[in-house]
Amino acid sequence: MMLQGVKVIDFTNYLPGPYATLRLAEMGAEIIKVEPPGGDPARNTGISKRGNGLVFLANNRQKKSITLNLKEKEGVETTLKLIANADVVIESFRPGVMEKLGLGYEAVQKVKSDIVYCSISGYGQEGLLSKLGNHDLNYMALSGVLAQLKDKQGRPIHPSITIADYLGGYAANERILAGLVSRFLSGQGSYHSISITDQLVSLLGNHVMVEQETGEGTGINALNGSIISYGLYETMDERFMSLGALEPKFWQNFCSAQGREDWVRAHFSKTDESNPVFQEITALFKRKTFYEWIEFAQKVDCCMAPVLEVGELQENPYFKEKELIFASSWGDYQVKMHSDLDQESIAPPPKKGEHKDEILNNILF
């Protein structure tokens with residue numbers, strides 16, 4: 001429980017912020033989720049279970065909930081008392097909203113001078129796009145990351161995972177933890193503005209460098225599916241395996257296991273239909289089933305792994321050993337944020353305002 005004793009006041013909704021604070025909660029931080037009278041909108045979004053949306057249930061265990069109306073003076077005053085006894089504030093409103101409510105960084109500093117304050121937004125707190133509405137797909141599109149996910153016709157693929165939101169959560173945690181370390185060293189608080197789009201662009205350092213030198217916008221050639229030893233191959237039963245045998249020893253192991261030493265010299269040859277070795281390897285994968293290739297990958301050290309579906313993760317030996325996906329005591333399946341940390345007790349996602357009396361009894365003065 002590395003963050004035991006750290007109190008976080010969480011004003012975030014939906015996904016990036018709640019994902020960030022869930023990761024902090026698993027490390028021992030106390031997360032006080034401040035919800036509007038109607039609750040986090042994620043409670044009422046999409047498929048629901050036990051009266052709450054699945055996105056809410058997946059990202060809000062180990063937290064306490066209090067409902068406050070921040071548009072009323074009493075709600076703001078109570079919130080400031082909460083913050084006066086806290087270490088961290090995290091919020092994800094549109095830029096300027098917390099200031100209008102009287103809860104911006106400068107106002108908060110007056111009641112807690114050493115607060116670590118983090119704002120998550122799509123495009124930052126200032127600048128050309130900062131006031132516009134936006135979502136994960138927009139961040140991925142604008143950042144250049146979506147352009148890295150294309151089909152064979154060069155059309156961008158609509159992702160089924162909100163990568164930007166999750167990365168925004170990671171980045172927020174990075175800055176919050178850095179702020180806590182800085183406070184320990186200097187005694188001073190700090191403000192952190194996380195632009196989710198900017199975080200996505202930070203993934204493209206290699207791509208920008210390669211594009212400047214070669215004009216190609218798909219990053220390092222060896223990693224973009226253009227060579228036979230690093231790619232995806234279809235099996236007999238229309239499933240897929242990933243082969244990542246970049247190093248000579250792994251490629252040698254793969255070729256030797258197939259009795260095809262003649263393929264070794266083609267290690268970095270192109271995934272082109274005119275390449276006979278590529279054609280032979282493509283045909284090879286289609287001669288065995290998905291599970292036959294999984295068995296092969298566990299015996300031959302050649303950087304090979306199956307492309308698993310979400311529903312297969314729970315029973316996969318790797319994840320099963322770590323209990324990464326676990327059956328909760330409250331009746332659903334949850335995913336650990338830190339697979340190497342033991343959780344002595346895990347509290348279910350809170351009911352709206354469930355801990356209001358407890359929280360108020362601890363801060364009123």
Side-chain angles (χ1 to χ4, degrees), residues 14-16 18-19 22-23 26 42 45-50 52-61 135-137 140 145-153 155-167 169-170 200 203 223-225 228-246 250 254 271 281-328 330-340 349:
Y14 292 116
L15 186 53
Y19 176 72
L22 175 57
R23 298 187 67 83
E26 276 206 2
T45 301
I47 302 170
S48 65
K49 182 176 183 178
R50 300 191 304 276
N52 284 298
L54 298 185
V55 171
F56 178 86
L57 294 175
N59 293 282
N60 286 285
R61 66 178 183 271
H135 283 293
D136 184 277
L137 190 64
M140 290 191 66
V145 169
L146 192 58
Q148 307 307 313
L149 307 174
K150 294 178 179 177
D151 62 20
K152 292 182 178 180
Q153 287 70 48
R155 295 171 58 87
I157 298 170
H158 194 303
S160 58
I161 181 171
T162 53
I163 296 172
D165 285 343
Y166 290 116
L167 183 65
Y170 272 108
L200 284 171
L203 301 178
L223 305 180
N224 63 18
I228 63 172
S229 55
Y230 197 88
L232 302 172
Y233 289 96
E234 187 175 358
T235 65
M236 178 190 292
D237 45 357
E238 299 182 331
R239 297 294 301 273
F240 289 87
M241 297 292 295
S242 66
L243 178 63
L246 283 178
F250 295 125
F254 173 75
T271 51
I281 292 175
T282 299
L284 169 70
F285 273 89
K286 289 186 176 181
R287 288 199 290 269
K288 293 182 180 180
T289 67
F290 184 60
Y291 289 101
E292 286 175 326
W293 279 114
I294 290 176
E295 185 177 359
F296 173 88
Q298 292 173 347
K299 293 178 179 178
V300 179
D301 188 16
C302 63
C303 297
M304 185 183 292
V307 178
L308 294 178
E309 299 293 338
V310 171
E312 296 172 318
L313 300 182
Q314 184 184 341
E315 294 302 320
N316 181 271
Y318 176 81
F319 300 110
K320 200 169 185 178
E321 180 182 38
K322 295 172 177 284
E323 297 182 327
L324 198 61
I325 300 172
F326 64 95
S328 71
W330 54 92
D332 58 22
Y333 284 94
Q334 297 273 326
V335 179
K336 286 184 180 179
M337 299 293 103
H338 306 277
S339 63
D340 61 324

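Worth saying up front: this structure is predicted, and the values here are computed from it rather than measured.
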A.B. asks: Give me the atom names and distance for the closest heavy-atom approach of C303 to A245.
C.D. replies: CB-N, 4.1 Å

A.B. asks: At their closest point, which heavy atom of H158 faces which heavy atom of L137, and how far apart are they?
C.D. replies: NE2-CD2, 3.6 Å

A.B. asks: Would you indicate whether the side-chain heavy atoms of F254 and S229 approach each other to under 4.5 Å?
C.D. replies: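 Heavy-atom side-chain distance check fails, nothing below 4.5 Å.
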
A.B. asks: Between W293 and L284, does the side-chain contact (heavy atoms from CB on, under 4.5 Å) criterion hold? Intermediate values first, please.
C.D. replies: CA-CA 11 Å; W293 279 114; L284 169 70; 3.9 Å; yes

A.B. asks: Can you tell me if NE2 on H338 sees more than 12 non-hydrogen neighbours from other groups inside 6.0 Å?
C.D. replies: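 Yes.
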
A.B. asks: Mark yes or no for whether N52, through its side chain, and L57, through its backbone, hold a donor-acceptor pair below 3.5 Å.
C.D. replies: no

A.B. asks: Return the minimal non-hydrogen interatomic distance between P159 and M140, and the atom names on each side.
C.D. replies: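 Nearest pair, atom of P159 first, then M140: CG-SD, 3.9 Å.
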
A.B. asks: May I ask you to test the L223-L246 pair for a side-chain heavy-atom distance under 4.5 Å?
C.D. replies: yes

A.B. asks: Is any side-chain heavy atom of R61 less than 4.5 Å from a side-chain heavy atom of S328?
C.D. replies: no

A.B. asks: Measuring from atom CD of E234 to atom OG1 of T282, what distance do you get when rounded to the nearest 0.5 angstrom?
C.D. replies: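 E234 atom CD to T282 atom OG1 measures 9.5 Å (nearest 0.5 Å).
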
A.B. asks: Where is the tightest heavy-atom contact between V55 and N60, given as atom of each residue plus distance?
C.D. replies: O-ND2, 4.5 Å

A.B. asks: Using modelled atom types and a 3.5 Å cut-off, is there a donor and acceptor pairing between side-chain atoms of Y233 and backbone atoms of I228?
C.D. replies: yes

A.B. asks: To the nearest 0.5 Å, what is the distance between CZ (F290) and CD (E312)?
C.D. replies: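 CD of E312 is found 5.5 Å from CZ of F290.
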
A.B. asks: Taking the side chain as every heavy atom from C-beta outward, state whether E292 and T235 have any atom pair closer than 4.5 Å.
C.D. replies: no

A.B. asks: Within the 4.5 Å heavy-atom criterion, are N316 and L308 side-chain neighbours or not?
C.D. replies: yes

A.B. asks: Hey, are the side chains of L243 and F250 touching, using non-hydrogen atoms and a 4.5 Å cut-off?
C.D. replies: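 No - every pair of side-chain heavy atoms lies 4.5 Å or more apart.
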
A.B. asks: Compare all side-chain heavy atoms of F296 with those of M241 and state whether any distance is below 4.5 angstrom.
C.D. replies: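 Not in contact.
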
A.B. asks: Let's go through L203 and L167 carefully: what are the C-alpha distance in whole Å and the side-chain angles of both, what is the deciding distance for side-chain contact (heavy atoms from CB on, under 4.5 Å) to 0.1 Å, and is it a yes or a no?
C.D. replies: CA-CA 10 Å; L203 301 178; L167 183 65; 3.8 Å; yes

A.B. asks: How about I47: does its CD1 atom have over 12 heavy atoms from other parts shown lying under 6.0 Å from it?
C.D. replies: no

A.B. asks: Would you find a donor on one side and an acceptor on the other, under 3.5 Å apart, between the side chain of D136 and the backbone of A164?
C.D. replies: yes

A.B. asks: Test your reading of the model: is there a side-chain donor-acceptor pair from S242 to the backbone of A305, 3.5 Å cut-off?
C.D. replies: yes

A.B. asks: Do you know the tightest heavy-atom contact between T271 and G225?
C.D. replies: OG1-O, 2.9 Å

A.B. asks: I'd like to know if the side chain of K336 and the backbone of F326 have a donor-acceptor N/O pair within less than 3.5 Å.
C.D. replies: no

A.B. asks: Could you tell me whether the side chains of R239 and Y291 share a donor-acceptor contact shorter than 3.5 Å?
C.D. replies: no

A.B. asks: Quick one: does M337's side chain get under 4.5 Å of Y19's, heavy atoms only?
C.D. replies: yes

A.B. asks: Spell out, as yes or no, whether a donor-acceptor pair under 3.5 Å connects the side chain of N59 to the backbone of L15.
C.D. replies: no

A.B. asks: Taking all heavy atoms of A58 and all of Q334, pick out the closest pair and write down the distance.
C.D. replies: O-OE1, 3.8 Å

